[in-house]
Enquirer: 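Right, I'll just put the structure down here and ask away after.
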Amino acid sequence: MAEESDLEKTEQPSERRLQQAREEGQVATSRELASFLVLATGVACMWVMGGWVVQRCQDMLRHGLVLDRRTVFDTEVAMGRLPEFALDALLSMMPFFAALIVAGAASTLALSGFNFSAKAFSPQFSRMSPLSGIQRMFSVHSLMELFKAVITTLIVGSVAAWVVMRDQEAVFSLFSLSIEQGMASLGHQLLMACTLLVAGLGLIAAIDVPFQLFQYTKRLRMTKEELKQEAKEQDGNPEIKARIRSIQREMARKRMMSEVPLADVVVTNPTHYSVAIKYDREKSGAPRVVAKGTGDIALKIREIAAENKVPRLEAPPLARALYKHTEIGDQIPVALYRAVAEVMAYVYQLNDAIAGQGMWPDKPEDLEVPAEMDPGPG
């Protein structure tokens with residue numbers, strides 16, 4: 001079943017899966033890269049600061065071996081000098097240690113960036129299973145570790161053999177040199193050997209880093225079903241989403257209906273469309289559509305308009321064009337300015353007549369609606 005499950009995991013991990021892995025402390029790491037960076041930093045520091053460190057050590061040793069009569073016969077004085085020597089030694093090596101710490105941290109930051117997870121400190125009892133241990137022994141990861149161990153051994157042995165064979169005369173000549181000359185020559189040979197060794201470890205790290213990234217991605221791969229389930233969890237339950245959309249539509253409909261009593265006119269056709277228009281004289285611009293609908297919504301708009309004595313005008317082509325080419329809150333299209341202007345003029349004259357300040361106007365007929373704006377009878 002485990003093999004089938006691995007074979008089914010053909011999809012690349014999603015961003016959420018990668019984030020969950022980081023929260024659990026699962027990040028891509030390479031011990032070979034860490035070893036290479038630490039050793040390379042150490043060798044570089046020795047090349048740069050080696051002479052200064054040796055000189056400091058010589059000075060501390062020379063100072064430590066200078067004893068007066070009081071120091072020799074008073075143990076308290078001798079013991080009191082130890083913290084001073086220890087502090088001097090620590091300060092001398094501090095730059096070296098700091099560089100190694102930075103190099104060790106950089107190996108992880110280079111692959112995965114900064115990540116802290118408390119879950120990584122919790123015990124994982126699955127690793128205590130003998131069966132899991134046997135499976136890990138014969139996994140691809142174990143084979144890769146064995147391959148790296150063999151290559152590392154070959155590199156170290158080859159470098160050591162090559163250095164001995166190349167510098168054997170220089171090694172044997174150390175016995176004829178003074179202590180200062182011998183130590184300097186030996187230190188140079190050791191640094192050269194370490195530099196070659198670091199170069200070999202760099203090659204191993206260059207192979208191991210892509211492999212570790214591939215293994216990390218492979219462990220987090222997902223099945224198609226897992227991707228679908230994750231999409232559902234992120235998008236939410238379809239039924240709940242449909243319910244939310246239904247509630248939102250109902251709230252929007254109620255807000256729209258609340259604007260109908262404030263409209264100046266409702267333009268309709270006999271059966272299908274109703275569009276409520278309002279013109280605010282205090283604001284610049286064209287009249288706006290404050291409500292529109294078809295079917296039952298259109299009937300509801302007409303009912304509310306009748307209850308609130310909002311004038312209604314049957315103009316089928318204009319009603320269809322307004323419904324098709326505007327949304328709630330939009331200004332009317334420029335192409336319909338002339339037709340709507342005639343409607344608004346009729347409404348103002350009608351209101352004046354109702355107030356007893358004018359004659360009853362004739363309903364506008366054959367309103368000019370461009371053919372391309374009229375979707376036709378629906």
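Residue numbers run from 1 in the order of the sequence given. All values below were derived from every heavy atom in this structure, side-chain atoms included, with hydrogens, water molecules and symmetry-related copies excluded.
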Enquirer: How about Met46 and Phe96: do any of their side-chain heavy atoms sit closer than 4.5 Å?
Expert: yes
Enquirer: Check step by step if side chain to side chain contact (heavy atoms under 4.5 Å, CB included) holds for Leu313 and Leu318.
Expert: CA-CA 10 Å; Leu313 175 66; Leu318 180 58; 5.9 Å; no
Enquirer: Can you tell me how far apart OG1 (Thr326) and CD1 (Ile332) are? Round to the nearest 0.5 Å.
Expert: 9.0 Å
Enquirer: Would a 4.5 Å heavy-atom cut-off, applied to side chains only, mark Val289 and Glu327 as touching?
Expert: no
Enquirer: Can you find a heavy atom in the side chain of Lys300 that is under 4.5 Å from one in the side chain of Glu303?
Expert: yes
Enquirer: To the nearest 0.5 Å, tell me how far Met94 CE sits from Phe97 CZ.
Expert: 8.0 Å
Enquirer: I want to check something: taking the side chain as every heavy atom from C-beta on, are Pro361 and Asp352 in contact at a cut-off of under 4.5 Å?
Expert: no
Enquirer: With hydrophobic residues grouped by side-chain heavy-atom distances under 4.5 Å, do Val290 and Tyr323 end up in a single group?
Expert: no
Enquirer: Do Leu336 and Pro370 come close enough that some side-chain heavy atom pair is under 4.5 Å?
Expert: yes
Enquirer: State, yes or no, whether a side-chain contact exists between Leu33 and Asp208 at a heavy-atom distance under 4.5 Å.
Expert: no
Enquirer: Verify the cluster assignment for Val340 and Val334: are they in a single hydrophobic cluster under the rule of side-chain heavy atoms below 4.5 Å apart?
Expert: yes
Enquirer: Can Met251 be reached from Met257 by stepping across I, L, V, M, F, W or Y side chains whose heavy atoms are under 4.5 Å apart?
Expert: no
Enquirer: Can you tell me how far CD of Glu307 sits from NZ of Lys309, rounded to the nearest 0.5 angstrom?
Expert: 10.0 Å
Enquirer: Measure the spacing between CD of Glu32 and CG of Leu203 and express it to the nearest 0.5 Å.
Expert: 11.0 Å
Enquirer: Could you grab the distance from atom CG of Leu350 to atom CG of Asp264, nearest 0.5 Å is fine?
Expert: 11.5 Å
Enquirer: Could you check whether any side-chain heavy atom of Val343 comes within less than 4.5 Å of a side-chain heavy atom of Leu367, counting everything from C-beta outward?
Expert: yes
Enquirer: Do you know the tightest heavy-atom contact between Ala319 and Val275?
Expert: O-CG2, 3.8 Å
Enquirer: Is Leu100 linked to Leu197 within one hydrophobic cluster, defined over Ile, Leu, Val, Met, Phe, Trp and Tyr using a side-chain heavy-atom separation of less than 4.5 Å?
Expert: yes
Enquirer: Just verifying a value: how many Å separate Met344 CE and Lys278 NZ, rounded to the nearest 0.5 Å?
Expert: 8.5 Å
Enquirer: Could you tell me if the side chain of Asn351 sits less than 4.5 Å from the side chain of Gln357, heavy atoms only?
Expert: no
Enquirer: Following the transitive rule for hydrophobic clusters with a side-chain heavy-atom cut-off under 4.5 Å over Ile, Leu, Val, Met, Phe, Trp and Tyr, establish whether Leu213 and Phe147 coincide in one cluster.
Expert: yes
Enquirer: Between Asn308 (side chain only) and Ile304 (backbone N and O only), is there a donor and an acceptor less than 3.5 Å apart?
Expert: yes
